[in-house]
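Treat the numbers as computed from the prediction; the structure is a model and nothing was measured. Proteins come first, then strands; the chains are lettered A, B, ... in the order of their sequence lines, and each starts at number 1.
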Number of protein chains: 4
Amino acid sequence: MADSLGARQAAVQRNREALLAAAAAVFVEQGVQAPIRDIAGRAGVGLGTVYRHFPSRAELVTAVYRHQIEECVALAAALLAEPIPPGAALARWIDAFVEFLVTKHGLGVALQSADPSLLTLHTLMLDRLVPACASLIAAGVAAGEIDPEVTAYTLMRAVGNLCILGAGYERADAQDMVARLLVGCRRAP
Amino acid sequence: MADSLGARQAAVQRNREALLAAAAAVFVEQGVQAPIRDIAGRAGVGLGTVYRHFPSRAELVTAVYRHQIEECVALAAALLAEPIPPGAALARWIDAFVEFLVTKHGLGVALQSADPSLLTLHTLMLDRLVPACASLIAAGVAAGEIDPEVTAYTLMRAVGNLCILGAGYERADAQDMVARLLVGCRRAP
Amino acid sequence: MADSLGARQAAVQRNREALLAAAAAVFVEQGVQAPIRDIAGRAGVGLGTVYRHFPSRAELVTAVYRHQIEECVALAAALLAEPIPPGAALARWIDAFVEFLVTKHGLGVALQSADPSLLTLHTLMLDRLVPACASLIAAGVAAGEIDPEVTAYTLMRAVGNLCILGAGYERADAQDMVARLLVGCRRAP
Amino acid sequence: MADSLGARQAAVQRNREALLAAAAAVFVEQGVQAPIRDIAGRAGVGLGTVYRHFPSRAELVTAVYRHQIEECVALAAALLAEPIPPGAALARWIDAFVEFLVTKHGLGVALQSADPSLLTLHTLMLDRLVPACASLIAAGVAAGEIDPEVTAYTLMRAVGNLCILGAGYERADAQDMVARLLVGCRRAP
DNA sequence: TATGAATGAGGGTTCATTCAT
DNA sequence: AATGAATGAACCCTCATTCAT
């Protein structure tokens, strides 16, 4: 009894994760506006199953990115605890953020869209990521390494935008441009 | 006979210009994916007329932005001719580019889209804008003011991305971020 | 063993009754086409349980209304046994029928629908209610109070229709219209 | 030029009328909630054509019934002008109304639905039909033939309901029941 | 040339129904 | 027996594109 119940719940969970993986992949290929049918097909489930797990596109999008966002949040705390200069900590954190944006998840495109279905994602970023980034900036400012004019939200939006890739503007280009942007955020001597 | 021919040609030309103006306005309001019907309606012409003048969306998009792009090209030449330091010239040119991107034309969004209908726009940028920008960069590099690693195409894509606005990330933010990016493009001392 | 068998059967019966109550409530609120899921949810059981007890919507609908219908049947016999004029007996019976139709059960809508899922309900009405009504009409005809042209089935359909309520046509309106219809069913002097 | 323009407009008008005819037929068979696709198919046009002519279901429904409604309105005026007793005029008008409801148009079902897509139709009835009926009732009341308690709106809803046909309750039954209802609306002696 | 009516593919969403556990 | 996850058919609606006039 408990076994078969557990087995069922496990299957449901597997389905949910298959959907998240499929959605992440499809979002990268087609953007967050990709047809729900495509996601269902990629996950190998029926259309209704997507709607069962994620009644609205917003919930699916949010679920896809939540985990990555939480990892970023955790990293910020970890870096602050390390005995390195705050400016370097910020740089390393931004590197990791870029890695997420660019490598596997299409978050960049997602962040810039005004689409109502992305409101929750935006909120999530505001609530979780911005404070994490702000703490690193504050440390950098306190150490005299970062220009106090720089705000976390704006910087993150800018980095997010710089990570929107395309033909002829690849990952390495985004990394380079972000690094240069950070140089411009240092405290003027 | 000649008169009525001339009159007809003039009417055709007027239609074309009304369409360009309407498309520019609609692109700003709704983005480059706006329904063709909206553009036709705004221009006061029939749907078929849009397709006659611009058989594909790409051609319409390209035509809309071509004029702005040519102004930028001309500005680059003008700035190079002025007796100012090349780094300042580049900064002023980028300022103007940002102005175009941000103020009236939604070019930012257009540039980052992977949509095949924007391929020609991309080509146009490559053909006309990149050389203009490259000439300013080259001058800056020659003067020892700009990092020789910076390439025109990448810089323009980055600036284009930084100019994708949204709620909480307005024109002034984009201008600020672009300025900081340029700081990061200076030759390392 | 006998106990647990009895207990199980009791639970099954409880489920069935919870479903009937839930369906009656949902039919009133949303009509007989309400989603099966809503009924399951209201009854606090799983979807499959609904299908086990009532394999088709028709069976559920019929079961919901059967009890009310039997009450009407019993009332007809009781009224015939009372020492009142047959015309008054018919009027009182119709009043009670209207009460059922209008007050709690949405039967009015159900009776007029051509939906195949309501065929059995229709049959039930034919088999049980029409004879009951016919007996009252026959008594009225015999007493010279009711027009012999009136047939039970037609009258019941008409009353059923008159009891389909809506904004601006409320219970009291239906009662009034039914009363006037009955006036028109009296024997012409 | 004028000819071909006229021909085109005529074709459009024919299409529109084919749609109205198809919709009327489909509404009778399946009710006003019938799939738009079925109406398009019956009319021999594409789906989009239905939406072009009637952007919402409400507009289609209203258009289907508007003509019949206006005929009824006109009839009321004509009957009032005739030298016949007002009670007879009302009876003849109601006969005509029943004819419309029952013969070709399924209006009965339409009138009782609370569906938002039928709001306009309801409004139309309120605005046009109810005053027409009320004028006949007023004349009957003034002549002492009609019970002053009877209101036009309620009577029309009742007649509408009585005209919802089904297996075993046909046109003749509806006519009979409506006639009896009218008897019940006479002034009590 | 210009028009705009017509078409139908495409994508969102709901819900009846099945079936493994 | 009960559960509820999964499925997919069926509808709705929008809009790019074609083409007769």
Side-chain angles (χ1 to χ4, degrees), chain A residues 1-16 19 33-40 43-53 55-57 117, chain B residues 8-9 11-12 15-16 33-41 43-53 55-57 117, chain C residues 8-9 11-13 15-16 33-41 43-53 55-57 117, chain D residues 1-16 19 33-38 40 43-53 55-57 117:
Chain A
M1 261 323 231
D3 265 8
S4 73
L5 186 64
R8 175 130 48 120
Q9 287 178 338
V12 170
Q13 187 58 23
R14 260 198 312 283
N15 244 334
R16 186 187 161 86
L19 272 171
Q33 299 306 341
I36 299 286
R37 269 181 177 82
D38 288 7
I39 295 166
V45 303
L47 238 190
T49 304
V50 184
Y51 281 97
R52 160 174 291 273
H53 285 284
S56 74
R57 183 182 292 271
S117 74
Chain B
R8 180 149 350 159
Q9 286 176 339
V12 169
N15 262 343
R16 186 186 163 86
Q33 300 304 340
I36 297 288
R37 191 178 297 274
D38 288 8
I39 295 165
V45 304
L47 248 184
T49 305
V50 184
Y51 281 95
R52 166 168 295 274
H53 283 283
S56 75
R57 182 181 292 270
S117 74
Chain C
R8 181 154 345 162
Q9 286 177 339
V12 170
Q13 186 58 24
N15 261 343
R16 188 186 161 86
Q33 301 303 343
I36 297 288
R37 191 179 297 273
D38 287 9
I39 296 166
V45 304
L47 246 186
T49 305
V50 184
Y51 280 94
R52 166 170 295 274
H53 283 283
S56 74
R57 182 183 292 268
S117 75
Chain D
M1 262 318 235
D3 265 7
S4 74
L5 185 63
R8 175 131 48 122
Q9 286 176 338
V12 170
Q13 187 59 24
R14 259 197 313 283
N15 245 335
R16 187 188 161 86
L19 271 171
Q33 299 305 341
I36 298 288
R37 219 178 273 282
D38 287 7
V45 304
L47 235 190
T49 305
V50 184
Y51 282 97
R52 159 175 290 273
H53 285 283
S56 74
R57 182 183 293 271
S117 73

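- Taking for each of C:Val12 and A:Val12 the nucleotide of DNA chain F with the nearest heavy atom, the 5'-most of the two is the partner of C:Val12.
- Residue D:Val50 is the one, among A:Tyr51 and D:Val50, whose nearest nucleotide of DNA chain E lies closer to the 5' end (criterion: closest heavy atom).
- In this structure, the CZ atom of B:Arg57 is 8 Å from the C1' atom of F:dA16, given to the nearest Å.
- For B:His53 and E:dT1, the shortest distance from a side-chain N or O to OP1 or OP2 is not below 4.0 Å.
- Closest of all the heavy-atom pairs between A:His53 and A:Asn15 is NE2-CB, 4.2 Å.
- Whole-Å rounding puts the D:Gln13 CD to E:dG4 C1' distance at 16 Å.
- Between A:Ala40 and A:Gly46, the shortest heavy-atom distance links the atoms CB-O, 3.8 Å.
- Taking side-chain N and O atoms only, A:Arg8 has no distance below 4.0 Å to OP1 or OP2 of F:dT3.
- Summarising the geometry, the separation between CD1 on B:Ile36 and P on F:dT14 is reported as 18 Å, rounded to the nearest angstrom.
- Side-chain atoms of C:Asn15 lie closest to F:dA2 of the nucleotides F:dA2, E:dT1, E:dG12.
- Atom CZ of B:Arg52 is separated from atom P of F:dA16 by 20 Å (rounded to the nearest Å).
- Comparing A:Asp38 and C:Ala34 by the nucleotide of DNA chain E that holds the closest heavy atom to each, the one mapping nearer the 5' end is A:Asp38.
- Rounding to whole angstrom units, CD1 of residue A:Ile39 and P of E:dG11 are separated by 12 Å.
- Taking atom CZ on D:Arg16 and atom P on E:dG4, their separation rounds to 17 Å, with Å as the unit.
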For nucleotides 8-10 of chain F, list the nitrogen or oxygen atoms of the protein found under 3.5 Å from its nitrogen or oxygen atoms, one pair per line.
from   : atom 1 : to      : atom 2 : distance (Å)
F:dA10 : N6     : A:Arg37 : NH2    : 3.4

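- A:Gln33 has its CD atom 12 Å from the P atom of E:dG11, to the nearest Å.
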Report the secondary structure of DNA chain F in dot-bracket form, marking unpaired bases with a dot and bases paired to a different strand with |, and treating Watson-Crick or G-U pairs with both distances under 3.5 Å as paired. .||||||||||||||||||||
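- Nearer the 5' end of DNA chain F, as judged by each residue's closest nucleotide, is the contact made by C:Gly44, out of B:Ser56 and C:Gly44.
- In this view, A:Leu47 and A:Ile36, A:Arg37, A:Tyr51 satisfy the side-chain contact (heavy atoms from CB on, under 4.5 Å) rule, not counting sequence neighbours.
- For D:Gln13, the side chain to side chain donor-acceptor pair (under 3.5 Å) partners two or more places apart in sequence, or in a different chain, are D:Glu17.
- When atom types are taken as modelled, the side chain of D:Arg57 and the backbone of D:Pro35 share no donor-acceptor pair closer than 3.5 angstrom.
- In this structure, A:Leu19 and A:Thr49 approach most closely via the heavy-atom pair CD1-O, 4.0 Å.
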